[in-house]
Trainee: 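Pasting in a structure now, in structure tokens, and then I'll have a few things to ask.
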Protein chains: 2
Amino acid sequence: MARAYIVGVGMTKIDRHYDKGYHDLVYSAIRMLEKDVKMFSPEAIVVGNMMSSSLYQQDSLAALVADAAGLRGVGGMKVEAACGSGGHAVAVGYSLVASGLYNQVLVVGVEKMSDYPTATVTSALAQAADAEHEYIYGISFPALNALVMRLYMNRYEARREDLAIWPVRMHEYGSKNPFAQLRNMITVEDVINSPTIADPIKLMDSAPIGDGAAAILIASEDIARKISDTPIEIAGVGLGSDALDLSSREDLLYPLSVVRAAEKAYKMAGVEPKDIDVAEIHDAFTITALLSIEGLGFTRPGESWKMIRDGRFSVGDKPSINLSGGLKARGHPVGATGVYQVAEIAMQLRGDFPGVRAPSPLIGLAMNTGGVATLTSVIILRR
Amino acid sequence: MARAYIVGVGMTKIDRHYDKGYHDLVYSAIRMLEKDVKMFSPEAIVVGNMMSSSLYQQDSLAALVADAAGLRGVGGMKVEAACGSGGHAVAVGYSLVASGLYNQVLVVGVEKMSDYPTATVTSALAQAADAEHEYIYGISFPALNALVMRLYMNRYEARREDLAIWPVRMHEYGSKNPFAQLRNMITVEDVINSPTIADPIKLMDSAPIGDGAAAILIASEDIARKISDTPIEIAGVGLGSDALDLSSREDLLYPLSVVRAAEKAYKMAGVEPKDIDVAEIHDAFTITALLSIEGLGFTRPGESWKMIRDGRFSVGDKPSINLSGGLKARGHPVGATGVYQVAEIAMQLRGDFPGVRAPSPLIGLAMNTGGVATLTSVIILRR
């Protein structure tokens with residue numbers, strides 16, 4: 001199997017960028033990426049994005065990115081797996097290089113969410129659910145996750161206060177990350193007293209709505225060291241799915257897609273969960289963090305909330321998880337998030353992440369999912 | 001570079017399937033595919049689709065396909081490049097196999113268009129254009145192509161009657177293809193007397209609105225011969241782009257994205273335009289056929305309409321083009337079309353295409369584009 005490397009990264013601060021369009025966000029991420037590499041000449045473009053079609057009436061995003069990046073003529077495509085689009089775009093970018101098809105591939109994740117009323121965005125997000133069996137009956141994406149969170153709390157006797165520790169920690173890390181959307185510190189009381197979105201999910205259990213773009217450049221083994229002094233190997237890639245409608249799943253607390261994606265990525269990289277030094281996982285809601293940690297094999301089912309309560313998965317632990325602030329505080333411009341995660345892990349391994357850093361990590365993992373863990377990608381990076 | 005093969009194909013007849021949903025269309029294409037292979041156990045799913053998000057409020061299509069195909073747990077993603085989504089999905093499927101990541105990948109193209117009023121579908125199709133510089137001013141996709149067709153007719157002094165020969169030929173071939181949407185024969189007078197869609201484009205210059213799904217199974221060299229007695233090699237893959245908004249292109253009659261995609265695919269396959277025996281090209285409108293033929297290097301700019309008038313590119317010529325009936329008569333369920341094309345070329349090379357067949361072809365080509373040749377894929381297959 002041919003190897004592929006991340007040779008450069010770029011990103012915008014996530015925010016409600018009312019004054020910026022798709023073009024502007026992509027352009028600013030690529031400007032940072034260009035400064036991070038010695039040679040910028042992508043031969044193909046992969047775009048991670050969920051909602052440009054439903055909110056902005058814009059398909060053909062790969063051509064928009066080619067325009068913004070000054071790469072007219074360079075082909076490519078958009079990759080969509082709902083909120084997991086970015087991670088899946090990285091998997092496609094990896095494949096385009098590792099197959100030998102292209103030597104240098106640009107992967108961009110971009111999303112604009114803040115120009116519309118929250119109800120419109122909530123509706124667009126619900127397209128991640130089953131249109132015929134869920135969406136049409138008016139269910140929202142937070143409501144689906146609330147069902148799962150309630151079941152988790154009941155089955156594992158998890159207390160609401162303990163489940164508030166995760167977002168508090170995320171805000172603490174986010175406050176140190178210059179690219180994060182939410183940089184304020186919060187307390188357990190803040191979480192519990194915040195408005196209910198869909199019981200038992202509180203506002204502060206939920207990732208914010210924001211806009212952003214992140215970019216990485218993937219290169220073949222032949223040219224990686226010419227482009228970067230610190231190439232980071234893409235050592236493992238895995239994908240997984242679960243039933244689209246929740247009613248036909250066997251157990252809502254068994255994240256099948258995460259388990260499958262992780263198995264494949266671990267095997268390819270030749271590592272186990274205990275080998276991961278630093279990870280960025282999908283925590284659109286607090287419950288998503290718990291099931292992601294369990295699905296990745298960092299602990300047994302039903303145990304993650306206790307370990308978080310006991311301080312595990314913090315900076316310095318193995319793995320240190322979501323030092324960026326996670327989706328909760330770094331932000332979650334949905335189709336871009338997976339690319340942010342991979343860029344952040346690459347910077348952690350290079351030692352130049354501009355926020356909270358893991359101590360000399362060798363192996364990192366990025367896990368991104370669309371829907372209620374419906375389509376998951378796991379990417380393992382190695383220094 | 002590792003090799004990848006098409007080891008099985010399946011498709012539905014294209015039609016206005018008012019009684020079928022996405023699930024049904026995908027299921028029927030996969031049932032045919034399963035009968036075409038000795039072993040069906042895909043490890044990943046790639047879905048070519050343009051409009052499930054804008055028309056059906058359904059993202060996460062890869063999970064829907066996993067459900068329909070009985071492949072719960074198998075991961076994947078949707079690939080979008082407007083009307084070129086299908087061909088780009090095949091390129092991604094190729095890469096997932098040739099990279100060594102997966103041994104068996106299912107590529108499905110699917111589109112449902114007929115449940116909505118034509119104006120709604122026309123609006124969704126216009127998302128292929130530039131949202132900020134074209135769509136927002138109310139331009140339609142046929143209107144953009146009409147600008148290009150008028151310029152072509154003026155610059156090359158092409159006569160309207162001569163440009164009607166292409167759709168007449170497409171209907172003749174389509175009448176022999178059991179999967180084609182339009183199976184009636186038409187005359188040059190029929191084309192010229194059909195309603196004007198956007199002057200000079202007539203109704204019968206235009207691909208119909210329809211629903212369909214096509215599927216191919218791509219396998220690695222290791223297992224291809226175990227799955228199929230007639231594996232077809234994917235010998236060349238190329239992608240290309242052009243400026244999203246037409247006003248910033250240098251020459252509307254120079255199909256940059258087609259030229260770039262073709263150059264790459266020819267080089268990878270080690271062939272030239274004159275080596276192609278049989279081809280399926282993108283002819284959403286008559287003008288699209290002309291520029292596609294020229295961009296692929298089958299003739300010089302401005303010459304294709306004369307060659308078509310003189311009977312070239314018919315069955316038995318080299319290359320024989322669009323023996324399926326093309327987008328014009330086989331139909332154009334937009335995001336599915338590129339997968340139909342590749343499946344048809346594979347069947348031509350196997351010798352079992354159930355319509356008009358090229359005589360013993362060795363090398364075939366499928367070219368699919370999104371927008372006004374904005375994002376193009378070229379796939380070259382070899383027996």
Side-chain angles (χ1 to χ4, degrees), chain A residues 1-2 21 44-45 50-51 53-54 56-64 66-67 71-82 85 88 91-92 94-96 98-101 126-132 135 237-244 256-257 260-261 268 370-371 374-377, chain B residues 1-2 21 44-45 50-51 53-54 56-64 66-67 71-82 85 88 91-92 94-96 98-101 126-132 135 237-244 256-257 260-261 268 370-371 374-377:
Chain A
M1 189 176 284
I45 295 165
M50 178 181 179
M51 304 196 291
S53 182
S54 55
Y56 284 84
Q57 287 75 52
Q58 182 66 74
D59 289 343
S60 310
L61 271 192
L64 184 150
D67 280 341
L71 295 171
R72 186 167 298 179
V74 173
M77 72 287 289
K78 161 172 159 171
V79 166
E80 184 267 311
S85 299
H88 287 75
V92 169
Y94 164 82
S95 298
L96 290 173
S99 65
L101 198 54
Q127 296 196 3
D130 190 308
E132 291 183 13
Y135 181 94
V237 176
L239 308 173
S241 78
D242 204 341
L244 191 54
L256 174 67
S257 71
R260 289 290 180 85
M268 177 175 158
T374 305
L375 291 168
T376 299
S377 65
Chain B
M1 189 177 285
I45 295 165
M50 178 181 180
M51 304 196 289
S53 182
S54 55
Y56 284 85
Q57 287 75 52
Q58 182 65 74
D59 288 342
S60 310
L61 271 192
L64 185 150
D67 281 342
L71 295 171
R72 186 167 299 180
V74 173
M77 72 288 288
K78 161 172 159 172
V79 166
E80 184 267 312
S85 299
H88 287 76
V92 169
Y94 164 83
S95 298
L96 290 172
S99 65
L101 197 54
Q127 296 196 4
D130 190 308
E132 291 183 13
Y135 181 94
V237 176
L239 307 172
S241 78
D242 204 341
L244 191 52
L256 174 67
S257 71
R260 289 288 178 87
M268 177 175 159
T374 305
L375 291 167
T376 299
S377 65

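Chain naming here is simple, since letters A, B, ... match the order of the sequence lines and numbering starts at 1 in each. Keep in mind it's a predicted model, so treat the numbers as computed, not measured. Any value given below was found using the heavy atoms of this structure, including those in side chains, with hydrogens, waters and symmetry copies removed.
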Trainee: Could you tell me which portion of Y135(A) (side chain, backbone, both or neither) has an atom closer than 4.5 angstrom to a non-hydrogen atom of chain B?
Mentor: side chain

Trainee: Under a 4.5 Å cutoff for heavy-atom pairs, which residue among A82(A), G371(A), G76(A), A81(A) has the most contacts with chain B?
Mentor: G76(A)

Trainee: With a 4.5 Å cut-off on heavy-atom pairs, point out which of A128(B), A126(B), G370(B) contacts chain A the most.
Mentor: A128(B)

Trainee: Which bit of S54(B) comes within less than 4.5 Å of chain A, counting heavy atoms only: side chain, backbone, both or neither?
Mentor: both

Trainee: Measure distances from D67(B) to the heavy atoms of chain A and classify the residue's part below 4.5 Å as side chain, backbone, both or neither.
Mentor: side chain

Trainee: If you count heavy-atom pairs within less than 4.5 Å of chain A, which of E132(B), M268(B), H88(B) leads?
Mentor: H88(B)

Trainee: Between S53(A) and chain B, which part of the residue has a heavy atom less than 4.5 Å away: side chain, backbone, both or neither?
Mentor: both

Trainee: Using a cut-off of under 4.5 Å on heavy-atom pairs, state which of L71(A), T374(A), V74(A) scores highest against chain B.
Mentor: V74(A)

Trainee: Given heavy-atom pairs under 4.5 angstrom as the criterion, report whether the side chain, backbone, both or neither of V79(A) touches chain B.
Mentor: both

Trainee: To check you understand the geometry: which heavy-atom pair defines the closest contact between A131(A) and Q57(B), and what is its length?
Mentor: CB-O, 3.6 Å

Trainee: Could you check which of G73(B), G75(B), S60(B) has the highest count of heavy-atom pairs closer than 4.5 Å to chain A?
Mentor: G73(B)

Trainee: I'd like to know which of L96(A), I45(A), T376(A) tops the heavy-atom pair count under 4.5 Å against chain B.
Mentor: L96(A)

Trainee: With a 4.5 angstrom heavy-atom cut-off, is it the side chain or the backbone of L64(B) that approaches chain A, or both, or neither?
Mentor: both

Trainee: Go through the atoms of A66(B) and report whether side chain, backbone, both or neither lie under 4.5 Å from a heavy atom of chain A.
Mentor: side chain

Trainee: Heavy-atom pairs under 4.5 Å with chain B: which of L101(A), V237(A), D130(A) has the most?
Mentor: L101(A)

Trainee: Using non-hydrogen atoms only, which part of M77(B) is less than 4.5 Å away from chain A: side chain, backbone, both, or neither?
Mentor: both

Trainee: Top residue by heavy-atom pair count (under 4.5 Å) with chain A, among K78(B), R72(B), Q127(B), M51(B)?
Mentor: Q127(B)

